[in-house]
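Computation of the quantities below employed the complete heavy-atom set of this structure, encompassing side-chain atoms and omitting hydrogens, waters and symmetry-equivalent molecules. We name chains A, B, ... by the order of the sequence lines, and we start the count at 1 in each one.
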Number of protein chains: 2
Amino acid sequence: MSTAGAEPPQEGSLLLDDQLCFALYAASRAVTARYRPLLDELGLTYPQYLVMLVLWEQDSISVRDLGNALQLESSTLSPLLKRLESNGLLRRERRAEDERSVALRLTDAGARLRERAGTVPLAIGDAMGLTPEQNAVAKQLLRLLTTNVTR
Amino acid sequence: MSTAGAEPPQEGSLLLDDQLCFALYAASRAVTARYRPLLDELGLTYPQYLVMLVLWEQDSISVRDLGNALQLESSTLSPLLKRLESNGLLRRERRAEDERSVALRLTDAGARLRERAGTVPLAIGDAMGLTPEQNAVAKQLLRLLTTNVTR
DNA sequence: TGCGACTTAGTCGTGCACAACTCATTAGGG
DNA sequence: CCCTAATGAGTTGTGCACGACTAAGTCGCA
């Protein structure tokens, strides 16, 4: 048996389980799946939740700045924002000072949703089951990875 | 300024940048984007590449076992496998011993593609720019996270 | 001051991802 | 043996994600 389990992972391996990329991809989907039942109660999908996080932090942001914050294209955001608008959580209005730009503003319902969302981060943090140190290391490594890879 | 930059991240915060989940989501998309030009040359998408990794490792696998390996539903895999089949990389054939099960077998073209894919993991590993130790820690934390969250 | 380059949102087409469901097949208990 | 439950693959509908493109608006400079 030339490929016994005790061998160290190879840098250039084609084995699925040696690949950080797969661990990353699987973890991302698993976390999103864990969010799903919680966000269903708020009537949000996971990307919609991320948009609301940004808006709760900084209301009246442009589509462009939102895209920069989330690293998403306008072709992803435009339909998503339309759905949030038709669900009554935000309004989109062209800026008077630059008609190219669209300002996103929370409605009252959108602002109120923040209260109900308050328990979500703790519930997810709990489900992740990492120590604060592990959490910090993971976040730091993922950010390093992201900046390296988008360089 | 009550929320200056020097404060530690809060466990239950609703700030986007405090959330491990967003770092994970952004990193996953960034890595996939980094793969894209390399995989374009092979005529594969990223999920298709993952399927090929599994098949190169273990030919004649069932859709069910492939789904277990990648943690994907048949509703995701069925159309994806159809595309790989119509691109001539694999064949799908019902198993004689259990007509419910479909065996996936590489074609010659599918097997040959492995040679051309050989450089991909090293190129990505290089782009990720993590030390072997950081890579190992990241992989370990992501797996822990995945098992915790899917528990 | 006019016009070409750039910016900003948006549309369209393709391909995941997943819930809910269907349909064929198999297994297992009476 | 039957017949009911379970299993395996697939279909359908919704919502991302992104490349390629479009259209409207702004800017800068000849």
Side-chain N,O (Arg83(B)) to OP1/OP2 (dC16(C)) below 4.0 Å: yes

At 4.0 Å (heavy atoms only), tell me whether Arg95(B) reaches a base, stays on the sugar-phosphate, or touches nothing. nothing

Using a 4.0 Å heavy-atom cut-off across all strands, classify Thr32(A) as base, sugar-phosphate, or nothing. nothing

Using a 4.0 Å heavy-atom cut-off across all strands, classify Ser78(B) as base, sugar-phosphate, or nothing. base

Rounded distance (Å) that lies between atom P of dG19(D) and atom CG of Leu39(B): 14 Å

Nearest-Å distance, CG (Asn68(A)) to C1' (dA9(C))? 14 Å

Per Thr76(A) side chain, nearest of listed nucleotides dA9(D), dG10(C), dC16(D): dC16(D)

Taking donor-acceptor contacts at under 3.5 Å, does the side chain of Ser74(B) reach the base of dG8(D)? no

Rounded to whole Å, CD of Glu97(A) lies from P of dC27(D) at a distance of 11 Å

Testing dT25(C), dA17(D), dC16(C) for proximity to the side chain of Asp98(B), the answer is dT25(C)

Once you apply a heavy-atom cut-off of 4.0 Å, does Leu72(A) come out as touching a base, just sugar-phosphate, or nothing? sugar-phosphate

Grab the CG-P distance between Leu77(B) and dG15(C) for me, whole Å please. 16 Å

Within this structure, what is the CZ-to-C1' distance between Arg94(A) and dG25(D), rounded to whole angstrom? 9 Å

Distance criterion of 3.5 Å, no angle test: do you see the side chain of Ser75(A) paired donor-to-acceptor with the base of dG19(D)? yes

If you check the Pro47(A) side chain, which of dG10(C), dA17(D), dA17(C) turns out closest? dA17(D)

Per the atom types in the model, does the base of dT7(D) pair as donor or acceptor with the side chain of Arg100(B) at under 3.5 Å? yes

